[in-house]
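Labels below follow one simple rule: chain letters A, B, ... track the order of the sequence lines, proteins then strands, and each chain is numbered from 1.
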There are 2 protein chains.
Amino acid sequence: MAVFKPATSNLLHIEVINAIINAIVSGELKPGDHIIEQHIAQEMQISRAPVREAIRELAAQDIIQFIPRKGAYVAPLDPRNIEGIYLLRSYLEGLAARLAAPRLTETDLNEMYLLNYQMGEASLKNNVDTFINLDLQFHDFICQHCEHSQLKKMIDGVQLQTKLFMNMSKWHLAAHSELHREMNAHEPILEALRARNQEEAEMKMREHIVMAGNRLLEYLVDNKSSKNSKKEDTETVKN
Amino acid sequence: MAVFKPATSNLLHIEVINAIINAIVSGELKPGDHIIEQHIAQEMQISRAPVREAIRELAAQDIIQFIPRKGAYVAPLDPRNIEGIYLLRSYLEGLAARLAAPRLTETDLNEMYLLNYQMGEASLKNNVDTFINLDLQFHDFICQHCEHSQLKKMIDGVQLQTKLFMNMSKWHLAAHSELHREMNAHEPILEALRARNQEEAEMKMREHIVMAGNRLLEYLVDNKSSKNSKKEDTETVKN
DNA sequence: AATAAGTAGATTGTCGACATTGTACAAAGG
DNA sequence: CCTTTGTACAATGTCGACAATCTACTTATT
């Protein structure tokens with residue numbers, strides 16, 4: 001039942017960050033939920049100090065929203081923001097692709113090709129978790145090779161939110177077998193990178209991300225009518 | 001002598017953030033300097049807790065570099081990074097200009113026109129401080145009207161570094177009366193915004209920032225030969 | 001004299017407690 | 001019955017102290 005297990009690392013606040021992220025990704029913490037320092041501290045059997053640091057760091061990445069003297073809340077997912085976040089991501093990762101293009105070795109490109117191939121396999125088997133994981137790896141790979149520490153950090157931040165979005169739409173993708181629509185989405189990007197065409201790599205990356213955002217948005221508006229946006233439902237928390 | 005005066009706000013870590021930023025901008029803290037929590041805490045007559053929070057927040061923005069169990073250091077300014085930072089800034093602010101274009105009212109545009117006019121006056125008088133301040137206000141204005149909280153936060157972060165760069169090159173601008181080169185730099189952007197032309201606004205903003213970065217870089221390489229890059233000069237600090 | 005081990009000081013990491021602020025519920029008054 | 005005030009509780013903000021770690025210097029050994 002306890003989500004936050006006792007910590008093991010010698011850098012406690014890192015453990016807390018991972019624990020909170022896992023809790024959000026797994027759905028244990030939902031958007032809008034109030035994050036209470038003391039509760040996490042008790043569950044992980046540590047003091048509030050590292051918890052505070054973790055919360056501040058996540059707040060800096062907009063993973064959670066922080067209101068002075070009120071507390072931290074899991075960032076609410078306003079569908080109106082999703083378009084903006086994906087637009088931002090498209091610019092950032094587009095730039096990353098541009099910078100990575102001349103820096104990727106043949107080995108790097110082969111590795112990316114493998115990821116792409118495995119994604120094809122996963123989509124045929126309708127294996128959503130594997131597919132999402134590979135997708136993230138592909139984007140991460142480019143980000144890791146742009147050699148721009150700040151850009152990398154920014155992308156890491158928005159990708160975390162992307163991970164949440166993907167998790168939200170996971171069951172939908174699986175249920176409708178829509179993985180095939182995304183199957184070859186990375187191919188144009190990979191081609192451009194292989195050709196060392198910076199302009200093209202940036203543009204294809206941007207298009208890809210904007211399209212992914214649009215599909216996510218489509219899905220969300222489809223499901224909004226059948227579901228209440230306000231969820232003041234029964235909390236199992238009692239303390 | 002003491003840089004960090006006793007705090008007055010009811011949110012201590014905010015005070016500390018401002019104090020550290022001021023110390024960096026004013027040159028009291030130089031790139032590479034070790035920031036020691038206890039020292040700031042003592043000078044500001046507060047405990048280390050809010051100092052730690054401030055440091056973590058600034059580290060998240062890459063204003064300062066944080067190494068676990070070693071401490072916080074004012075982010076070193078590697079000229080090789082400057083190009084990257086200005087490129088990143090050009091993308092971010094370009095996007096901000098695009099988003100702001102349809103949202104700016106006539107009043108907003110007039111306000112920006114005024115800023116631009118005042119910059120012209122300042123450049124004629126070779127008043128560098130005023131010029132830089134107005135320049136930052138202009139960019140900030142657009143950033144404030146893009147209605148994208150994350151983008152805004154990211155831009156705030158890189159603009160802080162820009163502020164440092166500008167301060168470094170300040171005396172150079174003044175000495176060589178090169179302000180006139182920048183005088184009308186904002187006009188194309190303003191025109192595009194007035195015409196509500198998103199594409200044009202983004203492009204002009206990007207060009208402007210990339211050019212500004214190039215000029216800064218020129219200046220830095222010019223001065224690198226006459227000046228030692230390592231400055232282990234006499235510190236007034238004694239503790 | 002040069003290198004290595006050891007030691008003292010300084011700095012960060014963590015902790016538990018108290019102070020301050022915000023919230024929700026209850027009581028009193030209209 | 002509704003509104004307002006007061007009070008108790010809960011959560012955050014801040015603090016001082018101790019523990020773990022790193023750094024620089026001293027000392028010992030070859």
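Between A/Lys163 and A/Ile132 there is no side-chain heavy-atom pair separated by less than 4.5 Å. Between A/Ile35 and A/Val51 there is no side-chain heavy-atom pair separated by less than 4.5 Å. Looking only at side-chain heavy atoms (C-beta outward), B/Val16 and B/Ile46 come within less than 4.5 Å of each other. Side-chain atoms of A/His145 and A/Leu99, non-hydrogen and from C-beta on, never get closer than 4.5 Å to each other. Counting only heavy atoms from C-beta outward, the side chains of A/Gln65 and A/Val74 never approach each other to under 4.5 Å. At least one side-chain heavy atom of B/Ile82 sits under 4.5 Å from a side-chain heavy atom of B/Phe165. Taking 4.5 Å as the limit, some side-chain heavy atom of B/Gln144 sits within range of a side-chain heavy atom of B/Asp140.
For D/dT12, the OP1/OP2 oxygens have no side-chain nitrogen or oxygen of A/Arg52 closer than 4.0 Å. For A/His34, a side-chain nitrogen or oxygen approaches OP1 or OP2 of D/dT12 to under 4.0 Å. Between C/dT11 and B/His39, a contact under 4.0 Å exists linking OP1 or OP2 to a side-chain N or O.
Taking atom CD of residue A/Gln42 and atom P of nucleotide D/dA11, one finds them 10 Å apart after rounding to whole Å. Look at CG on A/Leu11: it is 10 Å from P on D/dC22, rounded to the nearest Å. Going from atom CD of B/Glu15 over to atom P of D/dT14 covers 10 Å, rounded to whole Å. In this entry the distance linking CD1 of B/Ile55 with C1' of C/dT12 reads 10 Å, nearest Å. The distance between atom CD1 of B/Ile36 and atom P of D/dC22, rounded to the nearest whole Å, is 17 Å.
Taking the six-membered ring where tryptophan is involved, the planes of B/Phe138 and B/His186 are essentially parallel, since the angle between them stays under 30° and well short of 60°.
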Quick one: which protein N/O atoms are closer than 3.5 Å to N/O atoms of nucleotides 15-18 of chain C? Pair and distance per line, please.
residue : atom : partner : partner atom : Å
C/dC15  : OP2  : A/Ser47 : N            : 2.8
C/dC15  : OP2  : A/Ser47 : OG           : 3.1

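Counting only heavy atoms from C-beta on, A/His13 has its side chain closest to C/dT14 among D/dG13, C/dT14, D/dA11.
DNA chain C is contacted by B/Phe66, B/Pro68, B/Arg69, B/Lys70, B/Gly71 of residues 58-75 of chain B, taking any non-hydrogen atom closer than 4.0 Å.
Under the salt bridge (charged side-chain N to carboxylate O under 4.0 Å, His left out) criterion, B/Glu53 pairs with A/Arg52, A/Arg56, not counting sequence neighbours.
Residue B/Glu37 is classed as a sugar-phosphate contact, given heavy-atom separations below 4.0 Å to backbone atoms only.
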